[in-house]
*Asks:* 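Can you read through this structure? Questions will come right after.
Here is the naming used below: chain letters follow the sequence lines, and residue numbers restart at 1 for every chain. If you're wondering where the values come from, they're calculated on a predicted model, not measured in any experiment.
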Protein chains: 2
Amino acid sequence: MLSKKTKYGLKALTYLAKKEDRNPVPIGEIAQQNNISQKFLESILLLLRRTGVLASKKGKGGGYYLIKEPSEILMTDVIRVLEGPIAMVPCVSLNFYEKCDDCPDEGTCSVHKLMLKVRDSALEIYRNTTLSNLI
Amino acid sequence: MLSKKTKYGLKALTYLAKKEDRNPVPIGEIAQQNNISQKFLESILLLLRRTGVLASKKGKGGGYYLIKEPSEILMTDVIRVLEGPIAMVPCVSLNFYEKCDDCPDEGTCSVHKLMLKVRDSALEIYRNTTLSNLI
DNA sequence: ATAAATCCTATCGTTTTAGTAGATTAATAA
DNA sequence: TTATTAATCTACTAAAACGATAGGATTTAT
């Protein structure tokens with residue numbers, strides 16, 4: 001299941017991308033327009049800022065805004081920040097690889113085999129989808 | 001993330017599929033050979049039996065065994081039983097559809113759009129993969 | 001100064017996950 | 001019939017993750 005964090009994060013990014021200008025948009029507006037708990041969204045936008053997807057401006061007239069063109073914002077990056085690994089098992093993860101402690105040999109593991117396919121197909125989509133494709 | 005339940009279930013099924021005969025295999029053997037907690041595996045195999053993927057025989061000489069050919073056992077069925085919906089959001093699920101309460105219109109929802117693609121690609125794989133493909 | 005906004009830390013209730021324990025039932029072999 | 005083997009059923013539990021919420025500190029524009 002996709003976490004609400006990812007869901008809300010994607011909605012917020014899309015909301016910002018839809019705006020004509022790139023002026024700062026306050027959290028309150030984003031939260032209201034998308035039916036998201038403001039406090040929860042705060043932490044999500046903060047995370048997106050810390051990882052370089054968004055920038056923010058403090059104080060009156062402040063808010064969050066995109067620093068890159070929507071067509072430059074890849075889903076691979078967004079999903080990895082919000083949801084974590086794209087792979088469903090660590091042993092097939094590119095960025096978060098970990099060996100399974102119960103599995104003696106990845107080469108013959110059925111789960112590994114299947115999840116590798118699933119990861120590849122998801123990756124294919126995320127790599128070829130930008131924020132602008134979602135508007 | 002794939003649950004251990006699904007992972008263990010898949011491993012157990014593969015283990016059974018690899019055997020030449022279709023004689024009942026006791027839980028203990030499956031658990032040991034695959035480094036799975038026996039008690040946990042019990043509940044998983046029980047679930048697979050109740051949903052018609054496996055059959056069982058009680059008492060001495062008993063155990064679990066496949067009732068269908070591995071090539072007849074589709075990943076769509078196995079995954080749905082063990083992991084639940086293939087879709088990452090209920091609003092794009094074929095078998096477990098639910099409307100999002102926060103979303104006014106699926107047609108314009110960016111999350112919906114993206115997750116539909118992801119579901120389709122996963123479905124494509126699961127539909128075209130059987131247990132025999134994992135051996 | 002004041003209002004508006006982000007930033008930061010901590011906490012919290014609920015649900016899910018991954019198991020464990022123990023008793024019961026059924027089949028088989030002796 | 002009795003002992004053994006193995007599935008079945010019910011109940012419980014510890015830990016982690018999830019989805020928030022609370023409250024204050026800090027920054028900026030007017």
Side-chain angles (χ1 to χ4, degrees), chain A residues 1-12 16 23-67 82-85 88-90 96 100-102 111, chain B residues 1-12 16 23-51 53-67 81-85 88-90 96 100-102 111:
Chain A
M1 276 292 150
L2 200 75
S3 66
K4 301 251 175 181
K5 189 164 121 185
T6 304
K7 187 182 181 186
Y8 295 161
L10 275 172
K11 285 197 170 193
L16 292 177
N23 295 330
V25 182
I27 300 179
E29 179 188 331
I30 309 177
Q32 273 192 353
Q33 296 297 314
N34 293 280
N35 302 305
I36 304 171
S37 142
Q38 171 157 354
K39 273 295 191 180
F40 190 25
L41 185 59
E42 264 186 45
S43 63
I44 299 169
L45 295 184
L46 202 53
L47 173 63
L48 288 171
R49 197 218 56 185
R50 286 193 180 130
T51 51
V53 181
L54 283 177
S56 64
K57 187 161 176 276
K58 280 183 163 185
K60 197 167 189 176
Y64 283 90
Y65 56 96
L66 296 175
I67 19 174
L82 294 171
E83 191 74 8
M88 293 183 77
V89 268
F96 303 83
C100 298
D101 43 355
D102 62 300
V111 177
Chain B
M1 277 292 151
L2 200 75
S3 65
K4 300 253 174 179
K5 187 165 122 185
T6 304
K7 188 181 180 187
Y8 294 162
L10 276 172
K11 285 197 169 193
L16 291 177
N23 295 330
V25 181
I27 300 179
E29 179 187 331
I30 308 177
Q32 273 192 354
Q33 295 297 315
N34 292 280
N35 301 307
I36 305 171
S37 143
Q38 171 158 353
K39 273 297 192 178
F40 189 25
L41 185 59
E42 267 185 41
S43 64
I44 298 169
L45 296 183
L46 201 53
L47 173 64
L48 289 171
R49 198 218 56 184
R50 286 194 180 128
T51 51
V53 181
L54 283 179
S56 64
K57 188 161 175 274
K58 278 184 166 184
K60 195 164 190 179
Y64 283 91
Y65 56 95
L66 297 174
I67 18 175
V81 163
L82 293 171
E83 191 74 7
M88 293 183 77
V89 268
F96 303 83
C100 298
D101 42 355
D102 62 300
V111 178

*Asks:* Could you state the CZ-P distance from B:Phe40 to D:dT13, rounded to the nearest angstrom?
*Replies:* 19 Å
*Asks:* To the nearest Å, give me how far apart OH (A:Tyr8) and P (D:dC18) are.
*Replies:* 14 Å
*Asks:* Nearest heavy-atom pair of A:Glu83 and A:Met1: which atoms, and what distance?
*Replies:* OE2-O, 3.4 Å
*Asks:* What closest approach, in Å, do B:Gln38 and B:Gly28 show between heavy atoms, and which atom pair accounts for it?
*Replies:* OE1-CA, 3.5 Å
*Asks:* Does anything in residues 23-34 of chain B reach DNA chain C, meaning a heavy atom under 4.0 Å, and if so which residues?
*Replies:* none
*Asks:* Over all heavy atoms of both residues, which pair between A:Asn35 and B:Asp102 is shortest? Give the atoms and the distance, please.
*Replies:* ND2-O, 2.9 Å
*Asks:* If you compare all heavy atoms of B:Pro24 against all heavy atoms of B:Gly62, which two are closest, and at what distance to 0.1 Å?
*Replies:* CB-C, 3.5 Å
*Asks:* With a 4.5 Å heavy-atom cut-off, do A:Ile44 and A:Ile36 have their side chains touching?
*Replies:* no
*Asks:* On DNA chain D, does the nearest nucleotide to B:Gly63 precede the nearest nucleotide to A:Lys5 from the 5' side, or the other way round? Give the residue.
*Replies:* B:Gly63
*Asks:* May I have the distance from B:Met1 (atom CE) to D:dA16 (atom C1'), rounded to whole angstrom?
*Replies:* 14 Å
*Asks:* Return the minimal non-hydrogen interatomic distance between A:Leu47 and A:Lys5, and the atom names on each side.
*Replies:* CD2-CE, 3.8 Å
*Asks:* Flag the pair A:Tyr64 / A:Leu46 as yes when at least one side-chain heavy-atom distance between them is below 4.5 Å, and no otherwise.
*Replies:* yes
*Asks:* May I have the distance from B:Asp101 (atom CG) to D:dG19 (atom C1'), rounded to whole angstrom?
*Replies:* 13 Å
*Asks:* A:Lys4 NZ to D:dA17 C1': how many Å, rounded?
*Replies:* 15 Å
*Asks:* Output the rounded distance in Å from OH (B:Tyr65) to P (D:dA7).
*Replies:* 12 Å
*Asks:* Chain A on DNA chain C: first and last contacting nucleotide, 5' to 3', under 4.0 Å to a heavy atom?
*Replies:* C:dA4 to C:dC8
*Asks:* Check the distance between D:dT21's C1' and A:Ile36's CD1 and give it to me in whole angstrom.
*Replies:* 16 Å
*Asks:* Could you state the CG-P distance from A:Leu82 to D:dG19, rounded to the nearest angstrom?
*Replies:* 12 Å
*Asks:* Within the pair B:Arg50 and D:dC9, is there a side-chain N or O less than 4.0 Å away from OP1 or OP2?
*Replies:* yes
*Asks:* Any heavy-atom pair between the side chains of A:Lys7 and B:Cys100 that's under 4.5 Å?
*Replies:* yes
*Asks:* Could you tell me if the side chain of B:Val81 sits less than 4.5 Å from the side chain of B:Leu48, heavy atoms only?
*Replies:* yes
*Asks:* With a 4.5 Å cut-off on side-chain heavy atoms, are B:Leu54 and B:Leu66 touching?
*Replies:* yes
*Asks:* Using a cut-off of strictly less than 4.0 Å, decide whether A:Ser37 has a side-chain nitrogen or oxygen near OP1 or OP2 of D:dG19.
*Replies:* no
*Asks:* Take nucleotides 22-30 of chain D nucleotide by nucleotide from the 5' end and write B, S or -, depending on whether a protein heavy atom sits under 4.0 Å from the base, only from the sugar-phosphate, or from neither.
*Replies:* BBB--BBS-
*Asks:* Which atoms form the tightest heavy-atom contact between B:Asn23 and B:Tyr65, and what is the distance?
*Replies:* O-CB, 4.0 Å
